[in-house]
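Let me begin by presenting the structure, written as structure tokens, before commenting on it.
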Amino acid sequence: MAEQITIARPYAEAVFKLAKEKDALSAWSDMLKVISQVTSFEQVQALVSNPGITADKLLKIILDICGSKLNDEGKNLVALLIENNRIEVLPQLSDLYEQLKAQQEGVLEANIVSAYAISEKQLEKLVSVLEKKFKCKIKAKVNIDPELIGGVKVVIGDEVIDSSVRGKLETMSVALKS
């Protein structure tokens with residue numbers, strides 16, 4: 001997965017730069033979501049991995065499915081990714097683009113994983129602390145994972161703040177083994 005993010009990053013940065021120059025951040029966000037959804041279909045993934053399908057045929061199929069939801073630049077991106085055998089990085093490209101867009105808008109997306117349900121008041125307090133730490137607005141998405149045992153794990157971009165019981169136990173285990 002880290003390799004795909006590494007591959008997707010220059011594409012995301014280039015798309016972001018283009019979108020910023022054309023003042024089309026939202027339009028590109030929508031196009032990338034459409035392309036990611038289309039390429040995540042099981043049937044399309046089967047075509048991508050099928051060596052009997054030519055790049056031109058794959059491009060035509062994907063563009064036909066996307067229809068009028070892509071402009072010429074969006075179509076060029078799909079063609080470029082297919083030509084370079086990079087179409088499978090579209091979900092990561094889209095995620096990285098959204099992170100760049102959020103940073104541009106002064107908003108960071110935080111994925112908060114908790115062992116138990118978090119009340120609105122607890123979430124507001126946690127978001128407030130994160131906003132002070134990162135000095136920008138935080139948009140939080142909460143998931144529940146009972147395997148954490150207790151506490152929370154926060155992922156913002158490439159940074160992970162793990163204050164879960166499970167994380168602390170794993171850290172202790174590593175320390176004891178060395």
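Worth saying up front: this structure is predicted, and the values here are computed from it rather than measured.
Of the inter-residue distances, the one linking Glu124 atom CD with Ser119 atom OG reads 8.5 Å to the nearest 0.5 angstrom. Rounding to the nearest 0.5 Å places CE of Met172 at 6.5 Å from CG of Leu176. Atom CZ of Arg9 sits about 7.5 Å away from atom CD of Gln99, to the nearest 0.5 Å. With rounding to the nearest 0.5 angstrom, the OH atom of Tyr97 is 9.5 Å from the CD atom of Gln104. Distance check, rounded to the nearest 0.5 Å: CD1 of Ile5 to CG of Asp95 gives 8.0 Å. In this structure, CG on Leu59 lies 10.0 Å from CD on Glu83, to the nearest 0.5 angstrom.
For Ala19 against Trp28, the heavy-atom pair with the smallest separation is CB-CD1, 3.3 Å. Here the shortest heavy-atom pairing between Leu25 and Lys20 reads CD2-N, 4.0 Å. Here the shortest heavy-atom pairing between Gln92 and Ala8 reads CB-CB, 3.8 Å. Summarising the geometry of Ser94 relative to Ser36, their closest heavy-atom pair is CB-OG, 3.4 Å, with the distance given to 0.1 Å. The nearest pair of heavy atoms linking Gly52 to Asn50 is N-OD1, 2.7 Å. The two atoms that bring Lys133 and Ile161 nearest to each other are CE-CD1, 3.9 Å, heavy atoms only.
Within a 6.0 Å sphere centred on CD of Glu21, heavy atoms belonging to other residues, nucleotides or ligands number more than 12. Around the CG atom of Asp23, the shell of radius 6.0 Å holds no more than 12 heavy atoms that belong to other residues, nucleotides or ligands.
The side-chain heavy atoms of Leu70 and Leu77, taken from C-beta on, include no pair separated by under 4.5 Å. For the pair Lys137/Glu131, a side-chain contact is recorded, criterion being any heavy-atom separation below 4.5 Å from C-beta on. Within the 4.5 Å cutoff, the side chain of Met31 has no heavy atoms near those of the Glu73 side chain. Taking 4.5 Å as the limit, some side-chain heavy atom of Val152 sits within range of a side-chain heavy atom of Ile118. Under the 4.5 Å side-chain criterion, counting only non-hydrogen atoms from C-beta, Tyr116 is not in contact with Leu148. The closest side-chain heavy-atom distance from Lys139 to Glu105 is not below 4.5 Å. Residues Asn76 and Leu80 are not in side-chain contact: their nearest non-hydrogen atoms beyond the backbone lie 4.5 Å or more apart.
Taken together through direct or relayed side-chain contacts under 4.5 Å among Ile, Leu, Val, Met, Phe, Trp and Tyr, Val160 and Val129 form parts of separate hydrophobic clusters. Both Val142 and Phe134 are members of a single hydrophobic cluster when ILVMFWY side chains are connected at heavy-atom separations under 4.5 Å. One hydrophobic cluster, built from ILVMFWY side chains closer than 4.5 Å, cannot hold both Ile112 and Val107; they sit in different ones. By the rule that hydrophobic residues join a cluster once side-chain heavy atoms approach within less than 4.5 Å of another member, Leu63 and Ile35 end up as members of one cluster. Note: the hydrophobic cluster containing Tyr11 also contains Val34 (ILVMFWY, side chain heavy atoms under 4.5 Å, direct or indirect links).
Each of Leu90, Ile65, Ile82, Val89 was evaluated against Thr39; a single residue qualifies, Leu90, per the side chain to side chain contact (heavy atoms under 4.5 Å, CB included) test. Results of the side chain to side chain contact (heavy atoms under 4.5 Å, CB included) test with Ile87 over Leu93, Leu81, Val44 single out Leu81 as the only residue that passes. Remark: of the listed residues Val48, Asp56, Leu47, Leu47 is the sole one forming a side chain to side chain contact (heavy atoms under 4.5 Å, CB included) with Ile61.
Glu159 places no side-chain N or O within 3.5 Å of a backbone atom of Ile156 that could act as its donor or acceptor partner.
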Show, in sequence, the C-alpha distance, side-chain angles and deciding distance for Glu98 and Lys101, and conclude whether the side-chain contact (heavy atoms from CB on, under 4.5 Å) test is met.
CA-CA 5 Å; Glu98 290 302 322; Lys101 180 179 172 230; 4.0 Å; yes

How far apart are the C-alpha atoms of Ile149 and Leu169, what are their side-chain angles, what is the distance that settles it, and do they pass the side-chain contact (heavy atoms from CB on, under 4.5 Å) test?
CA-CA 10 Å; Ile149 304 169; Leu169 288 172; 3.9 Å; yes

For Glu13 and Leu100, what are the C-alpha separation, side-chain angles and deciding distance, and is it a side-chain contact (heavy atoms from CB on, under 4.5 Å)?
CA-CA 8 Å; Glu13 290 170 353; Leu100 291 169; 4.0 Å; yes

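A salt bridge links Glu170 and Arg166; the closest N-O separation between the charged side-chain nitrogens and carboxylate oxygens is under 4.0 Å.
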